[in-house]
Number of protein chains: 2
Amino acid sequence: MSTATVSRVLSDPDKVRQKTHDLVMEAVRRSGYIPNSTAQKLRTRRTMNVLVIAPRLTNPVFAEILRGVDDELTQSGYGIIIGNLDNRREREARYVDLALSRQVDGILLLTGYIPENGARSMRDSGLPIVAMCAAIHEDGIPNIVVQDREAARQAVEYLARLGHRKFGYISGTLGSIIEVERFAGFQEGIAAAGFSQDDVVRWEGPFVFSTGVSAAEAFLQMKDRPTGIFAACDESAIGFIKRVRAERIRVPQDVSVIGFDGIEYADYTEPTLTTFRQPLHELGCVGADVLLKLIHNAMKPEDWSIRLPVTLLERETTGPVLHKDYKSLRRSAV
Amino acid sequence: MSTATVSRVLSDPDKVRQKTHDLVMEAVRRSGYIPNSTAQKLRTRRTMNVLVIAPRLTNPVFAEILRGVDDELTQSGYGIIIGNLDNRREREARYVDLALSRQVDGILLLTGYIPENGARSMRDSGLPIVAMCAAIHEDGIPNIVVQDREAARQAVEYLARLGHRKFGYISGTLGSIIEVERFAGFQEGIAAAGFSQDDVVRWEGPFVFSTGVSAAEAFLQMKDRPTGIFAACDESAIGFIKRVRAERIRVPQDVSVIGFDGIEYADYTEPTLTTFRQPLHELGCVGADVLLKLIHNAMKPEDWSIRLPVTLLERETTGPVLHKDYKSLRRSAV
DNA sequence: TTGAAAGCGCTAACAT
DNA sequence: ATGTTAGCGCTTTCAA
C-alpha cells in the first residue's frame, strides 16, 4: 500500500477500489492517522485559512460580524486567522507580512482601508480581498456594507417629523469611511428637511462610549441646545444619554437620541435606545461567502458589491418635541 | 549565492559575513522576496500559531482576554487561530482535528474543559495546553484564573455588612466550573455570615442578559423578596436591574445588586453597577506567556498555576437595607 | 486501480 | 563563511 493510495482514499475516495478504501480507512482508524496539514498546504498551495482584519475586538459590532464570518467559513472547512488592530495602525505591518508570506488564501477587511507595511500593501499579495462593513473603493475589491448614508438621512427625517428643529451629530472615528458616509447622510437629511448648518451641531470622537460622554458635556454647556441627536454608533449614544441624565436632562422629553448599530446593550439601557439595527451576522456570512467565491474564481459580477438594509428600531429615547414656550402643548408625531 | 546563505541571512544574520548579509538584503529588498511560511513550518515543525478556544466571542469578557493574549503572542511573533464555539459544543470537533493535524504549536482554553471529537481529545495532540479563566484540573495543564470563589464570598460579606438578611444568587451557565466556583464562594459567604439556606434564593441560566431578566421575573413574583443579589456575571446583573426597575423597584433602595466581571458597559448603566473587576487583559497576557514558556520548555514549576485577584468596584447598585417597618430609620453601613 | 517518483520551498547537517 | 544535499509529509503526474 503506497502513500499515494492512502492520499487518494482520503482526498478522493472514488478513485480507488472499495476494498482498498476499506482497508486504508481501517488502518487509519486504528493508527489514529491524521494528515499533516502543513505538508498538505505546501503541496497544494492552499492554506485553507482566511485572514480577518478588525479595527477592534471589544466592539460588539465586530464580534457579531465575526460570528457570521465564522459560521460561513467553518462550513467550507476554512479557518480564521484573526488580525486585531486594537485601534493601533502600527499593528498592521505584521498582518501585511502574513498575507505576503501566503499564510492565508484570502482576506476580509473590516477596516475601510488596505493595511500597509512601509512600501508594501496587502494588495501586493495578490490574494483576493473583500471589504466588509466599511467600503474600500478600489478595483477588484467587493464591498459588503450597509446603507449607512440612507439610514443617517432617515434618522434626521424621523427626528424632524417628531418636531425637532435643532440637531446634534455625534461622530465616529474621524476619517473612517463609515463616519464619512453617516455624516453625509445626516447632512442630506438636514438639507432635505429644509434646515441649514445653523441648525446643526457636530461633536467629534471615535466609536466609543466616552465620545458620547464628551459630546454630552459640550451639550450641557450650550444655551440653545439641540433636541434631536443622532449618534454614529450605539456606544456613544449610550454614553451621551447616561451623562445628560445625570444632570436631570430627561430623555426623550428634553432631548431625543438615535443610535446606530443595534448592539444588544442598546436594549438594556434606560430608556431603551432607538437605533438602526445592522444585519451584522448576515454581513459576516455574505462577506465570507463572496470571499470564498473569489478564492474559487466563482465570482459572478452581479454579486460584486452589496448594500444591506438596516432597520429602524423605534424604542424609548426618541419622542416628540416639547416646546418650552408651550409646555402644555405636546405636538403629536406626524 | 546559495539558498542556504539567504536562509541564514534571514534567520541568523550573525552566521554570515557583513558583506554577504548586505548583498542578500539588498537583493531581498529589490525583489520583494518573502519566505514561504508554509515551507518554513514544514521544515522547522513549528507553525508559530496558537489556537484559542473561546465559548463565545460576543461576550466582552472573552474579547478583552483575547486582547491580552494577542498582545503577548504578537510580540513573540506568534499568530492566533480563533476557535469560537459560539456556545455550541458540536463545534469543538473541528478544532480538535486542527490540533491533531498540528496546525498550531499550543492551545489556550477558555472553556473549562478539554474539547473532544468522538473518541479523540485535544490532549491526544500532545500539544501544550493552558487553561485560562476557567480551571481544568488535569495533570500538566496550568490554570490561569481569578479568585472567583473568594470574590463571591466577599460579595455576600459586603451585602451582609450593609444589613441585608435575605440573598439572591443569579447563576451562570450550569455545570461551568466558573459557575460552580462562584456559587461555592457565595455559599461559603452565606455560612460565614451565619445565614442558612432559608435565607437564599437561586435563579439559574447561562451567562447572558436574559438570565437576569428571568431572574427578575421570578423575583417579582415573590412575596418575601431578597434584598441582596449577587449575579455571577455583569450581563445578568444588568438584565435583572433593568427588569425590576421597569416595575418601579428602586435600586439600591429596595434591592442591592452586585455583578461580576467589570465589563465596560457596567459603568454606563443606571445606576452604575457595583461589581468585581477581573484583570482580563492581564489574564490573557499571563496565559499566553505561560503557554509560550511551555512551548519552549522553559516552564518553571512555580509558575504553573496562577490565581489573579479581582477588585470590588463599589458603585451605585448597592446600599444599606431600608427596613420596611422602620422606613425612616436608615441603617448606616458598618 | 495502484505504485513510483518528483517536488512544493525551505532549513540544517555536513562538507568544503 | 559558504555551498551541497537531504529531507520535512504530502499530492500528483506518469507509468505499469
Side-chain angles (χ1 to χ4, degrees), chain A residues 1-49 77-79 81 97-106 120 124-127 295-296, chain B residues 1-49 76-79 97-106 124-127 295-297:
Chain A
M1 196 72 40
S2 74
T3 62
T5 304
V6 176
S7 174
R8 274 188 283 256
V9 169
L10 264 33
S11 63
D12 196 352
D14 298 339
K15 297 230 160 162
V16 297
R17 267 191 319 176
Q18 182 63 45
K19 198 181 162 195
T20 315
H21 173 269
D22 296 346
L23 241 48
V24 169
M25 288 312 281
E26 176 55 22
V28 164
R29 194 170 312 112
R30 277 221 312 278
S31 66
Y33 169 78
I34 294 209
N36 178 310
S37 72
T38 305
Q40 288 180 315
K41 290 188 211 305
L42 180 60
R43 179 63 229 227
T44 61
R45 315 180 127 276
R46 285 175 312 141
T47 66
M48 298 303 280
N49 277 325
Y78 279 79
I81 293 187
D97 291 351
L98 197 142
L100 257 18
S101 61
R102 311 206 78 79
Q103 298 195 48
V104 293
D105 298 337
R120 323 196 52 174
D124 302 338
S125 68
L127 293 170
I295 290 174
H296 301 124
Chain B
M1 196 74 40
S2 74
T3 62
T5 304
V6 174
S7 174
R8 274 188 285 256
V9 168
L10 262 34
S11 63
D12 196 351
D14 298 340
K15 297 229 161 163
V16 298
R17 265 191 320 174
Q18 182 63 44
K19 197 182 164 195
T20 314
H21 173 269
D22 295 346
L23 241 49
V24 169
M25 288 312 281
E26 177 53 25
V28 163
R29 193 169 315 113
R30 277 220 312 276
S31 65
Y33 169 78
I34 293 210
N36 178 312
S37 72
T38 305
Q40 288 179 316
K41 290 187 212 306
L42 180 60
R43 178 64 230 227
T44 61
R45 315 178 126 278
R46 286 174 311 142
T47 66
M48 297 304 281
N49 276 327
S76 307
Y78 279 78
D97 291 350
L98 196 142
L100 256 20
S101 62
R102 311 206 77 79
Q103 298 195 49
V104 293
D105 298 336
D124 302 338
S125 68
L127 294 170
I295 290 174
H296 300 123
N297 292 314

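We use all heavy atoms of the structure for the numbers below, so side chains are in, but hydrogens, waters and symmetry mates are not. A note on names: the letters A, B, ... follow the listed sequences, proteins ahead of strands, and every chain is numbered from 1. As the structure is a computational prediction, the values presented were derived from the model and not from experiment.
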> Atom CE of A:Met48 to atom P of D:dT11: distance rounded to whole Å?
Replying inline: 12 Å
>> Using heavy-atom distances to pick each residue's nearest nucleotide on DNA chain D, tell me which of B:Ala4 and B:Leu42 is more 5'.
In response: B:Ala4
> Looking at C:dT2, C:dG3, D:dC10, which one has an atom nearest to any side-chain atom of A:Tyr33?
Replying inline: D:dC10
> A:Asp12 has an atom CG; how far is it from atom C1' of C:dT1, in whole Å?
Replying inline: 13 Å
> Taking atom P of C:dC8 as reference, at what distance in whole Å does atom CZ of A:Arg46 sit?
Replying inline: 18 Å
>> Just the rounded figure in Å: distance from P of D:dG7 to CZ of A:Arg43.
In response: 19 Å
>> Working to the nearest 0.5 angstrom, can you tell me the gap between B:Arg8 CZ and B:Ser2 OG?
In response: 6.0 Å
>> Please determine whether a side-chain nitrogen or oxygen atom of B:Arg8 lies at a distance below 4.0 Å from atom OP1 or OP2 of D:dT2.
In response: no
> What integer distance in Å separates A:Lys41:NZ from D:dT12:P?
Replying inline: 15 Å
> Between the side chain of A:Arg102 and the main-chain N/O of A:Ser125, is any donor-acceptor distance below 3.5 Å?
Replying inline: yes
> Taking for each residue the nucleotide of DNA chain D bearing the nearest heavy atom, is the 5' side occupied by B:Ala39 or by B:Met1?
Replying inline: B:Met1
>> So, OP1 or OP2 of C:dT2: does either fall under 4.0 Å of a side-chain N or O from A:Thr5?
In response: no
>> By nearest atom, which of the nucleotides D:dT2, C:dT11, D:dC10 is closest to the B:Val16 side chain?
In response: D:dT2
> So do the side chains of B:Met25 and B:Leu10 get within less than 4.5 Å of each other, counting heavy atoms only?
Replying inline: yes
>> Output the rounded distance in Å from CG (A:Asn36) to P (D:dC8).
In response: 11 Å
>> Rounded to whole Å, please give me the gap between CD in B:Gln18 and P in D:dT2.
In response: 11 Å
> What nucleotide, of D:dC10, D:dG3, C:dT2, holds the atom closest to the side chain of A:Pro35?
Replying inline: D:dC10
> Which nucleotide, D:dT4, C:dG3, C:dT11, lies nearest any side-chain atom of A:Ser2?
Replying inline: C:dG3
> A:Leu10 has an atom CG; how far is it from atom C1' of D:dT12, in whole Å?
Replying inline: 15 Å
>> Taking A:Asn49's backbone N and O only, do any of them form a donor-acceptor pair with A:Thr47's side chain (distance below 3.5 Å, no angle check)?
In response: yes
>> Counting only side-chain heavy atoms from C-beta out, which of C:dG3, D:dT4, C:dT11 sits nearest to B:Thr44?
In response: C:dT11
> Taking B:Asp22 as the fixed residue, which of B:Lys19, B:Glu26, B:Gln18 is the one that meets the side chain to side chain contact (heavy atoms under 4.5 Å, CB included) rule?
Replying inline: B:Gln18
> Of all the choices, D:dT11, C:dC10, D:dT2, which nucleotide is nearest to the side chain of B:Thr20 once you look at every atom?
Replying inline: D:dT2
